[in-house]
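Every value quoted in this text rests on a predicted model; they were computed, and no experiment measured them.
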Amino acid sequence: MELGVNIDHIATLRNARAGVEPSVLDAAIIAQRAKASAITIHLREDRRHIKDYDLIEIKNNVKTNINLEMAATEEMQKIALENKPYSCCIVPEKRKEITTEGGLDVFSQENYMKGFIKPLRDAGIVVSLFIDPDEKQVFSAHNCNADFIELHTGAYSDAFGSEKENEEFEKLKTAAALAQNLGLKVNAGHGLNYQNVHRMREIDGIIELNIGHSIISRAVFVGLERAIEEMRDLIL
Ligand code: PXP
């Protein structure tokens, strides 16, 4: 499996002092050096961490694929079409949430989502939908012509080590198999860490894991490059 590294928290730290350090661009360059398969950044509506200029600077200076997480809004679609990241991962977004809560409800907005995705794909951007491991969401992602789904691993991560772990894990396994049968490619992420990530290797066909919080947390102690390499070693 490949490792996409989410560097939003570098921006969170930078913004805490409204200054320039730590540099988000430097984080992207280090992630590239550590062989991340993607630099993942979430440009939120409220710009609480990643700013528009981060996307532009990374695009101009880093060769590694950019995976732009964004809400399905007109503003974000315009930014994606202007900047052409390698991929867009469409996520639900609520202003008050601490981090992305739950997957995107594609099922109840299939027509909207289909129309939202089309210009992105027409522009050559790979489109992924961040969904819960739920059969009806997988079918809907397929109906919308998404290239990828990213399975939300939050429930599994929260349940890790408890009696609910296997139940949550099986949901991921089943959803990944169904998606691949429908021709969708599968990524996964959210809440994964150095302790729980190994089980992702038991799921056939996952291409990339997107991991942020645990890598940046570990980077505080061992440095970003080593934190990424350690995670890569666990999922190779
Ligand atoms: N994937 C998606 C779609 C996300 O929204 C996030 C969090 O920004 C992640 C992966 C990474 O989650 P974590 O920071 O818990 O590793």
Please check this pair: side chain of [X] against backbone of [Y], looking for a donor-acceptor N/O pair closer than 3.5 Å.
{"X": "Asp134", "Y": "Lys136", "result": "yes"}
{"X": "Arg121", "Y": "Asn145", "result": "yes"}
{"X": "Gln137", "Y": "Val106", "result": "yes"}
{"X": "Asp132", "Y": "Gly103", "result": "yes"}
{"X": "Lys59", "Y": "Lys84", "result": "yes"}
{"X": "Tyr156", "Y": "Met200", "result": "no"}
{"X": "Gln32", "Y": "Lys63", "result": "yes"}
{"X": "Ser157", "Y": "Gly191", "result": "yes"}

The residue among Leu178, Leu151, Thr174 that forms side-chain contact (heavy atoms from CB on, under 4.5 Å) with Pro133 is Leu151
Atom pair [atom1]/[atom2] of [X] and [Y] - distance to nearest 0.5 Å:
{"X": "Leu120", "Y": "Ile90", "atom1": "CG", "atom2": "CD1", "value": "6.0 Å"}
{"X": "Ile117", "Y": "Ile125", "atom1": "CD1", "atom2": "CD1", "value": "12.0 Å"}
{"X": "Phe148", "Y": "Ile131", "atom1": "CZ", "atom2": "CD1", "value": "13.0 Å"}
{"X": "Glu57", "Y": "Asp26", "atom1": "CD", "atom2": "CG", "value": "9.5 Å"}
{"X": "Asn6", "Y": "Thr40", "atom1": "CG", "atom2": "OG1", "value": "5.5 Å"}
{"X": "Lys173", "Y": "Asn166", "atom1": "NZ", "atom2": "CG", "value": "9.5 Å"}

Hydrophobic cluster identity match, [X] and [Y], side-chain contacts under 4.5 Å:
{"X": "Leu3", "Y": "Leu234", "result": "yes"}
{"X": "Ile29", "Y": "Ile228", "result": "yes"}
{"X": "Val126", "Y": "Val91", "result": "no"}

Requested in this report: Decide yes or no for Leu236 and Arg232: does some side-chain heavy atom of the first lie under 4.5 Å from some side-chain heavy atom of the second?
Outcome: yes
Identify the heavy atoms of [X] and [Y] that sit nearest to each other, and give their distance.
{"X": "Ile215", "Y": "Tyr194", "result": "CA-OH, 3.6 Å"}
{"X": "Ser23", "Y": "Ile10", "result": "O-CG2, 3.8 Å"}
{"X": "Leu184", "Y": "Ala146", "result": "CD2-O, 3.3 Å"}
{"X": "Pro85", "Y": "Ile66", "result": "CB-O, 3.7 Å"}
{"X": "Ile206", "Y": "Ala188", "result": "CD1-CB, 4.1 Å"}
{"X": "Leu81", "Y": "Pro119", "result": "CD2-O, 3.5 Å"}

Inspect the surroundings of [atom1] in [X] and state if more than 12 heavy atoms from other residues, nucleotides or ligands are less than 6.0 Å away.
{"X": "Asn111", "atom1": "CG", "value": "no"}
{"X": "Glu135", "atom1": "CD", "value": "no"}
{"X": "Asp233", "atom1": "CG", "value": "yes"}
{"X": "Tyr53", "atom1": "OH", "value": "yes"}

Between [X] and [Y], does at least one N-O distance fall below 4.0 Å, as a salt bridge requires?
{"X": "Glu110", "Y": "Lys114", "answer": "no"}
{"X": "Lys185", "Y": "Asp147", "answer": "no"}
{"X": "Glu165", "Y": "Arg199", "answer": "yes"}
{"X": "Arg14", "Y": "Asp54", "answer": "yes"}

Check whether the side chains of [X] and [Y] place a donor and an acceptor atom closer than 3.5 Å, and report yes or no.
{"X": "Glu208", "Y": "Ser37", "value": "yes"}
{"X": "Glu93", "Y": "His42", "value": "yes"}
{"X": "Ser214", "Y": "Asn193", "value": "no"}
{"X": "His49", "Y": "His9", "value": "no"}
{"X": "Asp105", "Y": "Ser108", "value": "yes"}

Should the pair His152 and Phe130 be assigned to parallel (<30°), tilted (30 to 60°) or perpendicular (>60°) ring geometry? parallel
In Glu74, Glu82, Glu75, the residue satisfying salt bridge (Lys or Arg N to Asp or Glu O under 4.0 Å) with Lys78 is Glu82
